[in-house]
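Take a look at the structure below.
All chains are named by letter (A, B, ...) in the order of the sequence lines, taking the proteins before the strands, and each is independently numbered beginning at 1.
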Amino acid sequence: MKIEDVVCTFCGCLCDDLVVEVDGRRVVSVENGCTLANEKFMGDHRLQSPIRRNGKGWEHISYDDAIRETAEILCDADRPILYGWSGTHGEAQSIGIHLAELLGALVDNTSTVCHGPSILAIQEVGHPGCTLGQVKNRADVVVYWGTNPIDAHPRHMSRYTTFADGFFLKEAFRDRRLIVVDVRKTESANIADEFITIEPGGDYAVLSALRAIVRGKREIIPPSVSGVSREQLFRVADLLLSAKFGAIFFGLGLTMSPGKYKNVRNAIELTEELSRHTKYTISPMRGHWNVYGSNEVFTWITGYPYAVDFARGIAFYNPGETTSVDVLRRKECDACLVVGSDPGAHFPKACAEHLARIPTIQIDPHTNATTHLSRIQIPVAVTGIDAEGTAYRMDGVPIRTRMLFKGEYPSDTEILERLYTLVKEAKGP
Amino acid sequence: MNFLLNTGRTIRQGSYVERKNSDAYKGEATSLYMHPVDMMILEIEEGSHVRVESNQGDVVMKVHPALWISQREVFVCLGPYANYLVAPETHCSGMPDFKSTMVTITPTTDLLVTVAELMERCGGVRYED
Amino acid sequence: MSELLVRNAYVIDPLSGIKGDVMDIAIRDGKIVEEVGRNAEVIDADHCLTLPGGVDSHSHVCGTKVNFGRYMSPEDMRAGRTARKGVMHVTSGYSVPTTFGNSYRYSIMGYTTILEGAMAPLEARHTHEEFTATPHQDMLANTLFDGNWSIMEAVREKDVKRAAAVVAWTLSAVKGFAIKLTNPGGTEAWGWGEDVHSILDQVPHFGVTPAEIIETMIRANELLNLPHSVHIHCNALGVPGNYRTTLDTLDLVPDLNDKRQTLYLTHLQFHSYGGSTWKDISSKSEDIARAVNNKPQVAIDMGQIMFGRTTTMTADGPMEFKLYMLHHNKWSNHDVELETGSGIIPVYYSRKSLVNCVMWAIGLELALLTKDPWQCMLSTDNPNGAPFVKYPEIIALLMSRRFRENELALLDPRTAHYVPLPAIDRELDWYDIAVMTRAGQAKALGITGVGKGHLAPGAEADIAIYPLKPDSLDPSTEYQQVMAGFGKTRYTIKRGRVVARDGEVVVEGANSTIWTKAITPPEFDLSVDPEFVKKFEQYYTVRMSNYPVQDVYLPRGVCIATEASL
Ligand code: SF4
Ligand SMILES: [Zn+2]
């Protein structure tokens, strides 16, 4: 059976035009998707059943036992943390947050190690953005700053920018100018009209230089700024200002480099500066397919996009203190539930060590690095393949992912609902 | 020899992300990209193993030449191997210095470890299907 | 079967013509009935003011832009925090509370129905997700058509029926309630960083004017026989001298419907400015109110501002940028492809700002100078003018001249020179307030037929009992009690269940979402129209099949179906 308009649950592009052929409980072929989508849909290496660590080895256990034991661990903990969420649908995220509320737990999502700094910058200066179709239909200048879409968001250029024809740009590739800024010459840089190589850690200075030029202060620019020549800066500023509609996209090159949220703040302020002359928007390249959804759901329930601590009864937010890496670094939490992410692979070693020290439970369809650090892993259905629910694209557009077939695994929602019920019973009214 | 370690996403890392315990993932996540001039100075060749050490620990990786990277900088895709070297300090921002870890690189004949072995070194217990 | 009897209630039920009678209200299975059996549970209202549940006909509480207001404002979240307690979830936020925060606070004030003022169709799913997390009110969504390409093309072709067909398809796809025009044409212009400045400006590339959009949509709305009228946020919001644009807009309105208004103009305070700069801004409330009084075919809401901190958020992207250029605090903007836009900035309305003082006076003046309370709803365009928790204070200001004088004394002394407020003696009475906070809204929205805004047998048993005794209370002097009383019901009853008591929510809620579906003849079915389908194939970034909001997002949807006259 061929299913059309399937939503890809891999990256933040959340492409919704895949055609997937399904035979029973097996995906046979994928059309329109990129390499990453093909791997995701064609992959079949799920964990078969719940497992539990047993001394130096592992044993298979039933879902009932796994869920009951998880509930006990969470109820016993003084300072549990519920982490992940970007790899599951919104309905599950919502239950997870209410579970944290019930437990007085910390709850955090993967933005903490990707666009958390962007959120901090937005909380300082705001965010002039737009949906991706606005860029596709109008943008004549596109900037990728500290992001490499060809590797990380393979269809971003073909669906939304460089190669995507739009209403006001009938021949996008010819009519749009592309600027790429990075510390290394990425694949994306190879097709740029202007490629700016910045010395590592130099983004803030280059952004400041561009802001100064846009403000008309060319005379204060030194011959070279973080490895970028004055001539190139002038050329790029002129190109930026020539736009009828300019769209800036930025990635981890800004959020993870020295300066972090201040880099992003400067990029937003450059956008704001440009908006006084012509139309400009800026957007973070969100990584996981539903990381933006986790920010949205966190926000409408708790008021904050990530790093929320319920220990005081109220929702308390203080990134740098209530962020996962900091809490683990301080060896503060004494139990961890991981849903839809792999902190074993994506947190610094010291954090992985603490996850191994405390009872860590993982809810995930696949084994990964965190598996080896855990006490229990509960396999679930993959959202977008054998489970469905809401996802938010990197630009905030909500899309319902599809279930392609009914498999044998329970969804995240089902597991979390059962956990919630058990914890609620244990905690009393 | 000292280098600045940069990390980021790659399409292969993304492709194998749901098979983190596979050889393919191990191959990509232990691939270290270095400028050929630096390789000459270190007297190593494509495919040589190196020990990469930071103030957090050390891990073995496999070298690949790359012209898209500057001298004295190396690139490894984000994942458990790179993160074995990254400090948990966030300077009160929540975000570690994933793109600016100072590392020392020396040639070695030691073998690459699997993700499971690496996690065991962190205190975990390896799970094998 | 569950039965409830509210005894000794001092009832004002304007839609039923009850203007203050002590009586009993019988409830069975969530509806008002003539009588109940002897075993019914009894609540003694003890002669307290008892009204139909409050209806807010224009508020921003759910959806993309509201959530972004929270997302970007941890300082606002910290300004209103409550812990989990009983059935109540944690809440955060003062001017943009979390969904549960909104729901509890509205419920405690006796509100049981809210219309979200602006939903972008492309992002409707988000609004509905937040509706589900706003459990104590029935929700409706104004759906934005101000910059809709298919609409503007139909307007250019002078094809009202096609415009109606676009509305019918869209409302039913996104489970919206009514047509909202926010700065019509201006949001599309903002896609190029531009704006329209009067109703006769051309929208770039589309060759239509705001006036043409408004006139076409008014007629399309009536062709579809929708319960509500077109709901407009006029062009030139917040600009000195904009009252002319507002008068021009009022002049466009024909009288096409005998059950309700033909155009609903929202937050009119922001559209009633005289002068030509921020230095000489003055109140034009008298001109506007005169026009409203002369046109029974329009209804308005106040858009009152109150002093203090709040967050402004609207689909009017260009206006927010202008506001940002004044305040330089922080600015968010979010344009939505082929449809609309939005902007958000935090603001502080100060008694020390003459401009803010004039704005404050205008809102009150509009309510006091509009003769017929059915034409003017009480609103703050929550949270743009003030968070809705300020409604009780506004009620008190409208009911007490003395309170207004005391407040005026605290303002910039030049205020009196620019506004007529000090000369207005009128004090609204309990009946006026009952109209302006529920009955008028229900009528204007066209939802009396689904049992909203009144207490006649058959109506939804949504009831608010306030600790106020109209027989013995003089609002003119005892305005503090009025304010306190409207802030906290003794009982809020939603669909026959007590949901809030004395400031606390006591049950988990389960609301409904009310949406409209106009049934059109097959030749107007746009799902097979090549031009319309092409929009999705070529210009939208979401496939047509993934666009409509699935039924799972409305666990208790109430569909008002109409037969279109096409
Ligand atoms: S670009 Fe991203 S969402 Fe689109 S198909 Fe590739 S992995 Fe999936
Ligand atoms: Zn509004």
Side-chain angles (χ1 to χ4, degrees), chain A residues 10-11 35-36 39-40 43 45 51 53 56-58 112-113 116-117 120 148 150-152 154 183-186 200-201 252-253 255-258 260-261 287 307 319-321 323 325-326 328-329 342 344-353 356-357 365-369 371-374 377, chain B residues 4 6-22 25 29 33 54 56-57 59 66-70 73 75 77-81 83-100 115-129:
Chain A
F10 191 94
C11 85
T35 317
L36 300 174
E39 288 285 341
K40 167 120 196 179
H45 17 263
I51 52 172
R53 199 154 114 190
K56 284 275 146 205
W58 291 83
T112 208
V113 289
L120 299 183
N148 175 19
I150 288 184
D151 274 38
V183 296
R184 59 192 175 100
K185 194 153 201 284
T186 59
L252 305 184
T255 66
M256 288 179 173
S257 299
K260 294 178 186 150
Y261 71 100
E321 179 194 352
T323 23
V325 170
D326 297 281
L328 291 167
R329 172 176 58 83
D342 185 7
H346 296 292
F347 281 1
K349 181 186 89 175
C351 300
E353 285 170 349
R357 216 172 281 137
H366 308 103
T367 64
N368 55 26
T371 305
H372 314 291
L373 305 174
S374 303
Q377 180 168 349
Chain B
L4 182 69
N6 184 8
T7 67
R9 291 199 176 95
T10 66
I11 197 141
R12 280 187 299 273
Q13 164 260 330
S15 298
Y16 310 142
V17 81
E18 285 175 354
R19 290 184 279 147
K20 290 224 180 67
N21 297 305
S22 65
Y25 182 80
Y33 295 88
S54 75
Q56 297 296 302
V59 66
L67 283 169
W68 42 261
I69 194 150
S70 309
E73 287 171 30
F75 178 87
C77 78
L78 48 78
Y81 298 90
N83 285 329
Y84 202 77
L85 304 165
V86 173
E89 177 58 51
T90 76
H91 319 284
C92 289
S93 74
M95 172 68 82
D97 296 326
F98 284 117
K99 287 185 181 285
S100 45
V115 168
E117 285 164 338
L118 196 67
M119 291 299 112
E120 269 190 341
R121 283 206 214 160
C122 293
V125 170
R126 96 177 59 175
Y127 172 79
E128 272 155 358
D129 279 292

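Ion pair B/D97/A/K260 flagged as a salt bridge, since at least one NZ, NE, NH1 or NH2 atom sits closer than 4.0 Å to an Asp/Glu carboxylate oxygen. Between B/R121 and A/E353 no salt bridge is recorded (no basic side-chain N to carboxylate O distance below 4.0 Å).
Contact annotation for A/S374: neither backbone nor side-chain heavy atoms come within less than 4.5 Å of a heavy atom of chain B. With a 4.5 angstrom heavy-atom cutoff, B/S100 touches chain A only via side-chain atoms. Proximity to chain B (any heavy atom under 4.5 Å) is restricted, for A/F347, to the backbone atoms N, CA, C and O. Using a 4.5 Å cut-off between heavy atoms, B/A87 touches chain A through its backbone atoms (N, CA, C, O) alone. Heavy atoms of A/I51 lying under 4.5 Å from chain B belong exclusively to its side chain. In this structure, chain B has a heavy atom under 4.5 Å from the side chain of A/L120, while its backbone stays farther away. For B/Y81, no part lies under 4.5 angstrom from a heavy atom of chain A. At a 4.5 Å heavy-atom cutoff, the contact between B/E73 and chain A is made by side-chain atoms alone.
Contact count against chain A (heavy-atom pairs under 4.5 Å) is highest for B/S15 among B/S15, B/S93, B/G14. Across A/T371, A/D342, A/N148, the residue that shares the most heavy-atom pairs under 4.5 angstrom with chain B is A/D342. Taking chain A as the reference chain and counting heavy-atom pairs below 4.5 Å, the highest number among B/S22, B/G94, B/G123 is found for B/G94. Among the candidates B/E120, B/R12, B/R19, B/Q56, the residue making the largest number of heavy-atom pairs closer than 4.5 Å to chain A is B/R19. Ranked by heavy-atom pairs shorter than 4.5 Å toward chain B, the options A/A345, A/A307, A/P154 are led by A/A345. For chain B, the option among A/T35, A/T323, A/L252 with the highest count of heavy-atom pairs below 4.5 Å is A/L252. With respect to chain A, the highest number of heavy-atom pairs below 4.5 Å among B/E18, B/K99, B/R126 belongs to B/E18. Counting heavy-atom pairs under 4.5 Å between each of A/G116, A/P365, A/G344 and chain B puts A/G344 at the top.
Side-chain N/O atoms of B/N21 and A/T367 include a donor and acceptor closer than 3.5 Å.
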request  = Test side-chain contact (heavy atoms from CB on, under 4.5 Å) on B/M95 and A/V325 and set out the steps.
outcome  = CA-CA 7 Å; B/M95 172 68 82; A/V325 170; over 6 Å; no
key: Verdict with supporting geometry, A/I150 and B/I11, side-chain contact (heavy atoms from CB on, under 4.5 Å)   = CA-CA 8 Å; A/I150 288 184; B/I11 197 141; 5.9 Å; no
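What you find for A/P348 and B/P96 is that their closest heavy atoms are CG-CG, 3.7 Å.
Considering only heavy atoms from C-beta on, A/L373 comes within 4.5 Å of B/C122 through its side chain. With contacts defined as side-chain heavy-atom distances shorter than 4.5 Å, the pair A/W58/B/V125 qualifies.
A distance of 10.5 Å separates CG in A/D151 from CZ in B/R9, rounded to the nearest 0.5 Å. Rounding to the nearest 0.5 Å gives a distance of 6.0 Å between CE of A/M256 and CG of B/L78. To the nearest 0.5 angstrom, B/E89 atom CD is 7.5 Å from A/D326 atom CG. Taken from OH in B/Y16 to CD in A/E39, the straight-line distance is 7.0 Å, to the nearest 0.5 Å.
Checked by atom type and distance alone, the side chain of A/H372 pairs as donor or acceptor with a backbone atom of B/Y127 at under 3.5 Å. Checking side-chain atoms of B/N83 against main-chain N and O of A/K349 turns up no donor-acceptor pair under 3.5 Å.
Not counting sequence neighbours, the partners of A/R357 by the side-chain hydrogen bond (donor to acceptor under 3.5 Å, both in side chains) test are A/H354.
Few gaps surround OH on B/Y84; more than 12 heavy atoms of other groups in view lie less than 6.0 Å from it.
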